[in-house]
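Predicted model only: the values in this text are computed from it and were never measured. Each chain gets a letter, A, B and so on, in the order the sequences are listed, and its residues count up from 1.
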Amino acid sequence: METKTKYVFTLPALVLIGIIVMFPIVYNLFMSMNTWYVASGKGLEWVGIKNYLNLLSDKRFLNSLIVTFLFSLGALVFEVVLGTSLALFLNREFRGKNLVKLIFLFPIAATPVAVSLIWGMMYNYDLGIINIMLQNIGLKPLLWLASPKLVIPALIITDTWQWTPLILLIVLANLESLPTDPFESAKVDGANIMQVIFHITIPMIRPAIVVAAMIRSIDAIKTFDMIYVMTQGGPDIASENLNLYIFQTGFSYFRMGTASALAIVLFAIVLAFNVFLSIIRKSGERL
Amino acid sequence: MIKSVKTTLFYLGVILICLIPVFVFLWMFMTGLKSQADNLSIPPKLIFSPTFANFKDVFGQGNFFNYLLNSTIVATFSVVIALLFGLPAAYGIAKYRMQKIGLALLVARMVPFISYLIPWFIVFRSLGLIDTYIALITTHLIITLPFVIWIMVNFFEGVPASLEEAARVDGCTTFQAFTRILIPVVRNGIFTAAVLSFIFSWNQFLFSLILSGNNTMTVPVAVFQFISYDEINWGGLAAAASVITIPPLVMTVFIQKYMIKGLTSGAVKG
């Protein structure tokens, strides 16, 4: 009887998830071992792991790995460090705190396409507000998105703008829920503020920081909208991360087999990174 | 004295930090409200006579109103279907502690959207369903359904078991206890899940980019198309960007209290 009710509630959703989520994952795995040019009109052709082997000598794939790595690591480091620091700064009672929190929710909720469009304008060489501000303080204007060297830093800045608030708010919520006793006894013992932060606060919020980093990393490694709207992977392929390369392979060249293999690789990277972070998190819990 | 200086410095710091997110939105709205000449002037004008011409153009030219309607239809159905299937599932998972399902959903979230898109593109193409609401709602459900389940598992787990037991003692079936007792108790969670899912669907770009067409184009895709046609018309672009960004921002105000809890559920336990 219990088992029956259990499935009355869950089965409809599980069946639907099976169709819309599990079916494409399995199909994707299957496609990654086939060759299929949509345009050729020919059917699928089984090639085993050849699509994966071909990637090893694919320079554009290697480039996309480097871009993915630089972009996500840069964004993640900035977002975690900035987000945690700002959360520590804001962790006290003050008037308008709720308004401040609301303001930081806005970038998270804003449509990525719109945000990227606006940042694209702000990075414009002649008219962009960023170069105008640089010139106002006596610096030279920069090419930003048009420069192969600066395009990834520029994208990291935009990503940091949009997603630091998420880390900030997760960490701040955790800080607010901490018990006050350890802090009071540290005060009594005469610890200064830096000692308190590094020896008491940070160890206590470490699990929350790792969770925030996990949530963020899942999306940062797979970033698509922002880069596609701002640079389309350019100049040339200087900002083409793995997800953009998959998109081009699948939907510009219609090489669905290769694109599927690439997608599996991307999934493996996200999974591996998260397993790594959850090991860090669990080892922290035991300490 | 020192204390009040410290407090003033703290508030100055808070204002400076808040200016960073605010500035970008402000700049977007201002660019949308400026005439083309004002947008091209250097240095940029902080004081200008605002014009709604860009907003009028956005709604006047092409089918922007249709795109807004498409986005609304797709998001609404993706949310309602996700709630219909997700609420009972979340209740079951919480009540019977089926944690493995939650973990499986977390792993599914790590799968790149494009892994879902390629198979669905092939299926919808062979069924002739590209550029239909069915294609868009199906793929948006890939995001909204697991998300609703995550949030609601959290909220259902927070309900004391005694509440449901009392209802059972009063003669309710499990199903009646679910609809009459539990659903009202977790209404804040449902509201948060619904609003966040709506925002996710509204903001979704990749699925809609490939699966929509002239009949079903959603606003993010429409705005992206504007960029390619009209790179220099900053006023028009910023006005369009403002129009699509305002709904998610306004919705955020209503779910402020639970939004971070909602965004982190699922990952916290995994």
Side-chain angles (χ1 to χ4, degrees), chain A residues 5-6 9-10 12-14 16-17 20-21 23-25 27-28 31 86 89-90 94 100-107 109-114 117-118 121-122 127 129 132 161 165-166 169-170 173 211 214-215 218 222 224-225 229 243 246-247 250-251 256 259-260 263 266-267 270-271 274, chain B residues 13-14 17-18 20-22 24-25 27-28 31 40 42-44 85-86 88-89 91-93 96 98 107-112 114-116 118-120 138 141-142 145 149 174 199 202-203 205-206 210 220 223-224 227 234 237-238 241 244-245 248-249 252-253 256 259-260 263-264 267-268:
Chain A
T5 25
K6 185 162 144 183
F9 283 102
T10 50
L14 291 182
L16 187 57
I17 287 172
I20 62 170
V21 177
F23 149 73
I25 293 175
Y27 196 100
N28 184 256
M31 276 296 292
L86 293 175
F89 176 71
L90 292 172
F94 62 91
V100 171
K101 285 187 192 167
L102 178 64
I103 286 173
F104 281 106
L105 286 174
F106 287 151
T111 311
V113 170
L117 170 67
I118 297 303
M121 292 176 183
M122 300 205 310
L127 297 166
I129 187 79
I132 291 171
W161 176 85
L166 180 68
L169 292 169
I170 293 174
V211 167
M214 280 173 95
I215 294 172
I218 293 177
K222 297 187 299 184
F224 178 81
D225 301 9
V229 171
N243 212 358
I246 302 170
F247 181 82
F251 294 100
M256 292 297 179
S260 301
L266 180 53
F267 168 64
V270 178
L271 187 65
N274 273 275
Chain B
V14 172
I17 297 168
C18 288
I20 300 168
V22 169
V24 175
F25 292 111
W27 200 74
M28 172 173 75
T31 308
L40 295 175
I42 298 176
F85 284 83
Y91 169 71
I93 292 169
Y96 302 103
M98 303 156 87
V107 174
R109 184 178 162 186
M110 294 178 199
V111 174
I114 203 139
S115 292
Y116 300 117
I118 293 172
W120 278 119
T138 306
L141 271 170
I142 295 170
L145 179 56
I149 295 179
T174 306
I199 293 177
W202 182 270
N203 288 350
F205 177 59
L206 180 58
I210 295 298
V223 168
F224 176 73
I227 307 175
W234 279 17
L237 284 172
I244 57 172
T245 313
L249 296 192
T252 301
V253 176
Q256 183 185 358
M259 185 157 153
I260 287 298
L263 288 172
T264 52
V268 181

Item checked: When B:Gly92, B:Pro21, B:Gly13 are compared by non-hydrogen pairs under 4.5 Å with chain A, the top option ->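 Most pairs with chain A among the choices: B:Pro21.
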Item checked: Heavy-atom pairs under 4.5 Å with chain A, option from B:Val24, B:Ile20, B:Leu145 with the top count ->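 The option with the most such pairs is B:Val24.
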Notebook entry, point to check: Which class fits the ring pair A:Phe106 and B:Phe25: parallel under 30°, tilted 30 to 60°, perpendicular over 60°?
Noted result: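 Taking B:Phe25 first and then A:Phe106, their aromatic rings stand perpendicular (interplane angle over 60°).
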What is the minimum heavy-atom distance between [X] and [Y], and which atoms define it?
X: A:Ala263; Y: B:Ser115; result: CB-OG, 3.2 Å
X: B:Thr245; Y: A:Ala114; result: OG1-CB, 3.1 Å
X: B:Leu263; Y: A:Ile215; result: O-CD1, 4.2 Å
X: A:Ala259; Y: B:Ile118; result: CB-CD1, 3.7 Å
X: A:Pro24; Y: B:Pro119; result: O-CG, 3.4 Å

From [X] [atom1] over to [Y] [atom2], what is the distance, rounded to the nearest 0.5 angstrom?
X: A:Lys101; Y: B:Cys18; atom1: NZ; atom2: SG; answer: 12.5 Å
X: B:Ile17; Y: A:Leu86; atom1: CD1; atom2: CG; answer: 4.5 Å
X: A:Leu166; Y: B:Met259; atom1: CG; atom2: CE; answer: 8.5 Å
X: A:Leu105; Y: B:Leu249; atom1: CG; atom2: CG; answer: 10.0 Å
X: A:Ile118; Y: B:Leu237; atom1: CD1; atom2: CG; answer: 8.0 Å
X: B:Ile260; Y: A:Phe104; atom1: CD1; atom2: CZ; answer: 11.5 Å

Check: B:Trp120 side chain to A:Ile20 main-chain N or O, any donor-acceptor pair under 3.5 Å?
Finding: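 Such a contact is found between B:Trp120 side chain and A:Ile20 backbone.
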Is it the side chain or the backbone of [X] that comes within 4.5 Å of chain A heavy atoms, both, or neither?
X: B:Tyr116; answer: both
X: B:Ile210; answer: side chain
X: B:Ile199; answer: side chain
X: B:Ile244; answer: both

Item checked: side-chain contact (heavy atoms from CB on, under 4.5 Å) partners of A:Asn274, counting only residues at least two apart ->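 Residues passing side-chain contact (heavy atoms from CB on, under 4.5 Å) with A:Asn274: A:Met214, A:Ser217, A:Ile218, A:Val270, B:Met110.
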Notebook entry, point to check: Where do A:Ile17 and B:Leu141 land on the side-chain contact (heavy atoms from CB on, under 4.5 Å) test, with the steps shown first?
Noted result: CA-CA 9 Å; A:Ile17 287 172; B:Leu141 271 170; over 6 Å; no
Next item on the list: Check each atom of A:Met31 against the heavy atoms of chain B and say whether the ones under 4.5 Å are side chain, backbone, both or neither.
Entry: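 A:Met31 touches chain B through side-chain heavy atoms alone.
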Next item on the list: With side-chain contact (heavy atoms from CB on, under 4.5 Å) as the test, would you mind laying out the steps for B:Phe224 and A:Leu117 before giving the verdict?
Entry: CA-CA 8 Å; B:Phe224 176 73; A:Leu117 170 67; over 6 Å; no
Next item on the list: For B:Asn203, enumerate each residue passing the side-chain hydrogen bond (donor to acceptor under 3.5 Å, both in side chains) test, keeping only those at least two apart in sequence or located in another chain.
Entry: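 Result, side-chain hydrogen bond (donor to acceptor under 3.5 Å, both in side chains) vs B:Asn203: A:Thr111.
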